[in-house]
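Below is one structure; the comments refer to it alone.
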Amino acid sequence: MSSTIDLNVRNATTGYDAVNVLHDVSVQAKAGNITCILGSNGAGKSTLVRMILGLTPARSGNVAFGETDITKTRTHKVIGKGISCIPEGRAVFPKCTVLQNLRLGAYGVESEDEIQNSLKNVYELFPRLHERKTQIAGTMSGGEQAMVSIGRGLMSSPELLVIDEPSLGLSPLFVTETFKIIREINNRGTSVLLIEQNVKQTLAISHYGYVLGQGRVVAEGTSKELSSSEAVHSAYFS
Amino acid sequence: MKILSNKIGIFAATAVLAVYVASLMHAESQLTVGILSVLFGSAWFIGDKTGASQMLDKGIKENGRFSSTMFLAAIIGVAIYLHDDHFNLLMLTTVMVFVIACLGLNIQFGYNGLLNFAGAAFFGAGGYTAAVLTQNTQIPHLLILLIGGIVAILIGFILILPVLRTRGHYAAVVTIAFSLLFRTLVEVSPALGGAQGSAVKGLNILGWEFNKNIDIAGLDISFYMNYFVLALILLLIAIAFSKAIERSWIGLNFDTVRLDETAAACFGVNIKRWKITAFAMGNFILGLIGAFYAMMLGFIAPNNFTFGDSLIMVSIILLGGIGSIPGIILASAIVIILPEKLQGIQEYRFLIFAVGVILILLFRPNGLIKRKMRQFPKTKAQGE
Amino acid sequence: MDGSRMDLALFSQYIVNGLMQGMVYALVAVGFTLFFGVLDIIKFSHGDVLTVGAFSGLTAYLALSGMGLSNPVVLLLLVIIFALSVTALLGMVVAKLLIIPLKQARAPALNILLITLMLGTVLRETVRLFFPNGSSSKAFPTLLPTGGIDIGSFSLRIDSVMLFVAGALIIVGTHFLITKTKLGLAIQAVAQDEETSKLMGINFDSIVLITFALGSGIAAIAGIMNGLYYNEINFSMGLLLGAVGFSAAIIGGLGNLYGAILGGFLFAGLQTFAVVALPIPTAYKDVFAFAVVIILIAWRPTGLIAEKYSERV
Amino acid sequence: MTNISLKATGVVKRFGGLVALDKVNLEVHNEEVLGLIGPNGSGKTTFFNILTGIYSTTDGKMEFRGKDITGMPPQAVFKSGISRTFQRARLCLELSVFDNVAIGDHPQLNQGLWFNIINRKAFRHEYGSCHDRVAELINQFAPHLSSKLNEPVGNFPMIDRRRIEVCRALLGNPKLLLLDEPSAGMTEEETRQLMDEVIDIRKKRGDLSVVIVEHEMGIISRITDRCVVLNFGKKICEGTYEDISQNSEVQKAYLGDDL
C-alpha cells in the first residue's frame, strides 16, 4: 500500500516575531518519494518543518497536503490528515515508558487492532524496543531514543513522515543505521520529507532534494543532479 | 493642549489635583464620592485618549524639580485644609505609610525581581518591635523606628537561604509560608498580646508628644498632623533613596539580576550579593515604617498583618506599574482611600478590589503608570 | 501538656485527625500539581475552588432536603455530583477564559500568579456576600453513619474510616486515570512537552481543560470531606487549605503526583507531631509546620522527589 | 612568557549519558582569531558555557594567561579577562542601550553603598567617564545609536542588538572575546560589517584574542587565523581555514559519509 498524496508548499514566508526566517519558499514532497531539504545550521530548515506542521503558521503563501489546504490548520489536526513527524532532537516523552511513547504516536488511532498491528511492525523494525518496552524513555541512550522517536512516528501509519535532522547528535555508525531504516520505511510505501545537514548520506537515499540557504531555496534537483552540483558544497563551505 | 507641557500647565494640574483630593476627603455623601470617583476615572481615560496625559508627562519630565515642588505643595495644602480633621489626616498619613512600605517592597521586587509575599509580616515585625520597646523600655522613639527596620532585616535573614536558592513559584511559597507563620506566631504569643493585640505608645521625639493636639495661635490642629509631617519627611527620604538606588550602579545591578541572571553573572555581577542587599533594604524600610504605623495607631493586632495585607502591598505595586514610584503613590491612594470613602460599597470592597486588579492586569499589564527608563544624572559633558 | 504519659485515646484521636487532614491536603496538592504539570502555572484560586465545592454541596443538600428527600445515601451522592459539576465547570471556565489566553499571550508568570490570587478573592467574597448569611460558619449536614468502633478505650468513628477510604480511592483513581488510560497518557504527554504532544495529534487545549476540570473536581471532594468530618464549613476555609496544599505540592516536588501526596501527609504529620510530641502549645502547630516547610525548601529547592533523568535529553 | 592565551586540556562535559565534550584540547594564541566550527550539536556552545563558568566541567583543566580558571564562577572568569556574546543575544530588552553596555564595565565601577547612594557627586563623576567610554564604543560599532543611548534595546532590530552585545563584551577591555554565532538573525552583509568592525578593534587593541563560533563559512574564511573543528564533542582537526576545508574528516563531519 503506497502513499498517493503530495505535499506542496507554495511561495511560503514565515518567521518569528518581527523577523522572517523563510522567504518565498516552494517545496514539493512527491507521494512515494524521499524528498530531502539540505542546508547548514540556521538556513531555515526547522522553520520549514514547523510551518508545514502548523506550529509556526505561514505568513503568506500556502501549504497543501493533497487537495487539502493545511496552511492555517492547527497542529493536532494536521497530524490527523496523515502526516507524522519525527521531531528534531527526537523529543521522546522522557518520563513515559517506551510503550507509552509508542502509544502516544498512535493517539489518533481508534482501533486497538490497528495499534497492535503497528506495534508489531515497529517491534519488527526495532527488536530492541520490544525488549525495552517498559523502560522510561528519558533513561535511554541517544540511539535508543532515536528508535523510540522513529517508531513513534510510524505508529499512526502515516502517508507522509516528516523527519527533522535524525542524525543530530548520533554516532556515525548509528547515523548510517538510521538512514538505512528511513530507506526501509520508504520502501514499505510511506513518503518521507527528510530534513538533514548530512549531505552525502541524505542524497544517497533520497529521490529529490532542495537546498536552503538564508531562508531561500538556493538549489533543487534530483539527488543525482544535486550530488554533482557545486551549490550544495557552497551552501556549506561558501 | 500644549500648555500642559509647561510650568503653567503643571501648576494648574497639581492645583486641580489638590482641590480634587481635598473634596474627595471632605465628601460625605456616597453620591458625591461616587461622582468624584467616576470623574477621576473619566479624566484619566480622556487624558489618555486625547494625548493630554502624554503632554503633562512630557512637561513633568522636563520640569522635574518644579513638578515635585508643586506636588509637595499640593499635599501640604490638602493637609492644611484638613488640619482639624482626625479621620482624614489619619487616612492621608496611612496612604503615605503604604507608599513607603511599597517602596521598600519595590526595591526587592520591582528592581531586583525578588518575590516577597510577606511584606505585611516584615511591616508587622517593625510594629511589634515598637510595641515591645515602647511598653518596656525608655529607648528614644526615633531609635525605635530604626530598630524596627533592623529587626525586620534580621528576621529576613532567616529566609535568606531559601530565598537565594529558589526561583519563581518555589520562591513564592517561601514567603507565603513565612507570611502565614508570622501571623499565627503573633496570634498565639501571649508576650505579643495574642489575638487581642497589643497597645503601642505614641511617638515622642525629643519631648514632643505626637499624640497631643496642637494649638497654634488659637488654631486647633489635629494631633495626626504630627504624624503627617513625620510621614511626609520619611516619604521624601524613601523616594530620594529609591531614586538614588535606581540611578546608580546598584540599580543597574538590580535590574540585570532581575532580567537575566546568567548574562549578569557573565559580566561580573555577584547575584547573591545584590539579592541579599535588595532583600535587606526592602525589609528595613518595611520594618521602619511598620514601627511608625504601630505608634501612630497606638495599637496593633495580628489581623493587620495577614497574608491578605501582603497581597494588597504586592497588588499596589503591580497596579501602579512595577518599579514606578508615581505609580505606587497613585495606586496606594486608590487602594486606601476609595474603600474608606465608599462606605456604600464597604461590604463589597474586597470583591471590587480583586475584580479591579484582575481587569487592570488583563488590560493594562504594565500598570497605571509604567516605569520610566532609567535617567542617570546629567554630567557636565552631557550638557548638550 | 505536662510531658507525662499521654492518654492513649487522645493520642489515637490525633493520629486519626492527622490522617484525615493529610488526605485533604493531599487532594488539594494533587490539583496544584496537575495544573502545574500541564501549563506550568500555579493556580492560586484552587483553595477557594474547594470552598465553592463545599458550599455547592451544601446548597444541593438544602435544596434536595427542602424537596423532601431524606435518604442519606442518595443525598450524599447527589450532593457530590452537584459539587463536582459546579467546580469542574468553574475550573474549565477559568482555564478557557483566563489562563490559556494569558499563557498564549506569554504574560509574565507573576501576573498570572496574582490574577489567580485575586480570582481566589473573588470566589471567596462571592461566597461570603451572596450565600445567605455567608460570612458566618455553616453547619454541614451529617450524611455518614455516626457510630463508632470501640478498640479498648479508643473509639474509631465510622465516618472517619469511610472518609479516609473515600479519599484514598480518589487518589488511587486519579493515579489510575493518569497512568493507565489514554486520557491520562495524553495529560502526561502535554505535561512533559507541549509541542511534541501536539505533534502526536493531541488537542492541547482540550486536554488542559479536562485537567482543570479534574483538579477542580477533586478540590470539591476535599471540601465536602472537610465538611463531613468537621460538620462545619465557612467562606474562608479554602484560604489556609489552599496555602497548605500549595506548600505540600512544592515540598513534594511540583508536577509530581507522588510528591503531592507525600507533601500533603508530611504537612499533616508535622502538625500532628507538633501537637503530640513537642513541648509547645498546640496553637503553634502551624508555625512549626510552616517553619519546617521553609527549611525543607532551603534544603531541597525543587522538592523532595527529584527527577530521575538528566535535564538535557 | 609563552604565546598562549587560553589552554584547555582534556575538557570533558557530560549531561547524564550524553558526552557533549570529549577530552577536548584547545589552545588560543595571543592576538589570534580562532574559529570554532562544527555541525549542529558538536559542542561549540557547550565549550563556551564551560569556559565562562555557566556549566561546571566534568573533567579537564582550563588555563587562561597562565592562571587556572577551571571551576570558577562566571563573575570570576569575567574578571580574569574573558568576555562573551550569546547565541540568542541575551540583552535586557527593557533596559536602555547605555544600561546594557555599561554592565560590561561592572568590575571597574565602584559598587559601594555609600558611593552609589550618598556620595552622588563622586558617582556622577564615575558615571561621566563610564558614559564617555560607552559612547565611544557605540560610536564605533553603531554610530546611528549614538543619539539613542537612552532608548530601550527592545526597540531595535537584531543587527543593532548584536552590535550592542559586542559593545558590552568589549567595554571591560577583555583579553579574550568569545563570539557565539554572531550571524544568527542577521543577513550576510550585516554580519560581514560587524565582523570587520570586530577585527578592526582587535587590531587597535593589540592584546585581544577572539574565538568565534559560526556556521557561516564565508565569515570564518575571511576573519579567522586558525580554526578548530569539533564533531560529537571531539576535536577532529585544526589548522587554517584552507587546510580544514580540504580535510576529509571535516568534509565528512559536514557532508556526511558515503552510505
Side-chain angles (χ1 to χ4, degrees), chain B residues 61 107 110-111 113 237-274 276-278 280-281 284 321-324 365-366 370-384, chain D residues 48-49 52-54 73-80 82-86 89-100 102-113 115-121 123-132 135 149-152 165 168-169 171-172 178:
Chain B
K61 197 173 163 188
I107 291 176
Y111 294 165
I237 295 173
I239 290 177
F241 183 77
S242 292
K243 283 197 168 169
I245 294 253
E246 202 202 353
R247 298 171 182 187
S248 72
W249 305 136
I250 295 177
L252 181 55
N253 294 333
F254 283 171
D255 280 329
T256 47
V257 168
R258 180 183 83 244
L259 293 166
D260 191 338
E261 282 189 23
T262 307
C266 281
F267 289 95
V269 178
N270 185 335
I271 310 287
K272 281 188 181 148
R273 173 179 169 188
W274 298 113
I276 293 172
T277 307
M281 281 178 174
F284 178 78
I322 296 176
S324 155
N366 289 320
K370 191 173 182 260
R371 177 180 173 187
K372 297 276 180 314
M373 295 297 295
R374 185 198 326 282
Q375 297 290 327
F376 279 110
K378 289 236 165 26
T379 57
K380 278 175 211 133
Q382 279 174 269
E384 289 313 294
Chain D
F48 275 11
N49 285 342
T52 50
I54 295 176
Q75 311 80 290
V77 174
F78 179 73
K79 274 174 200 150
S80 73
I82 300 179
S83 185
R84 69 175 290 178
T85 67
F86 296 88
R90 289 186 88 142
L91 293 165
C92 303
L93 299 183
E94 298 171 23
L95 301 186
S96 67
V97 177
F98 173 81
D99 289 356
N100 271 288
I103 201 74
D105 216 6
H106 183 87
Q108 273 85 358
L109 303 176
N110 189 333
Q111 306 294 339
L113 293 184
F115 176 86
N116 275 276
I117 300 167
I118 312 293
N119 193 358
R120 298 293 286 173
K121 206 175 155 194
F123 170 79
R124 256 192 295 261
H125 183 75
E126 186 172 279
Y127 163 73
S129 75
C130 177
H131 186 275
D132 291 347
L149 284 184
N150 282 323
E151 282 187 33
E165 235 201 341
R168 172 173 73 176
L171 187 65
L178 311 175

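Below, chains carry the letters A, B, ... as their sequence lines are ordered, and counting in each starts from 1. Values reported hereafter were calculated over all heavy atoms of this structure, with side chains retained and with hydrogens, waters and symmetry mates removed.
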Worksheet item: Would you call the rings of B:Trp249 and D:Tyr127 parallel, tilted or perpendicular, where under 30° means parallel and over 60° means perpendicular?
Response: tilted
Measure the shortest side-chain to side-chain distance between [X] and [Y] over non-hydrogen atoms and say whether it is less than 4.5 angstrom.
| X | Y | answer |
| --- | --- | --- |
| B:Phe376 | D:Asp99 | yes |
| B:Phe267 | D:Pro107 | no |
| D:Leu113 | B:Thr277 | yes |
| D:Ile103 | B:Asn253 | yes |

Working to the nearest 0.5 Å, report the span between [atom1] of [X] and [atom2] of [Y].
| X | Y | atom1 | atom2 | value |
| --- | --- | --- | --- | --- |
| B:Asn270 | D:His106 | CG | NE2 | 7.5 Å |
| B:Leu252 | D:Phe98 | CG | CZ | 7.5 Å |
| D:Leu149 | B:Met373 | CG | CE | 10.5 Å |
| B:Cys266 | D:Asn49 | SG | CG | 7.5 Å |

Worksheet item: Taking D:Leu95, D:Leu91, D:Asn116 one by one, which has the highest count of heavy-atom pairs under 4.5 Å against chain B?
Response: D:Asn116
Worksheet item: Which of the residues D:Gln111, D:Arg84, D:Lys79 is involved in the greatest number of heavy-atom pairs with chain B at under 4.5 angstrom?
Response: D:Gln111
Proximal component of [X], with respect to chain B [non-hydrogen, under 4.5 Å]:
| X | answer |
| --- | --- |
| D:Leu93 | neither |
| D:Glu151 | backbone |
| D:Asn110 | backbone |
| D:Arg120 | side chain |

Fill in: B:Arg374 (side chain) donor-acceptor with D:Ser96 (main chain) under 3.5 angstrom
no
Item to complete: Answer with side chain, backbone, both or neither: which region of B:Arg247 has an atom nearer than 4.5 Å to a non-hydrogen atom of chain D?
Response: both
Worksheet entry | Partner residues of D:Glu94 under the side-chain contact (heavy atoms from CB on, under 4.5 Å) criterion, sequence neighbours left out | B:Arg258, B:Leu259
Discussion item. Run the salt bridge (charged side-chain N to carboxylate O under 4.0 Å, His left out) test against D:Arg168 and tell me which residues pass, sequence neighbours left out.
Written reply: D:Glu165
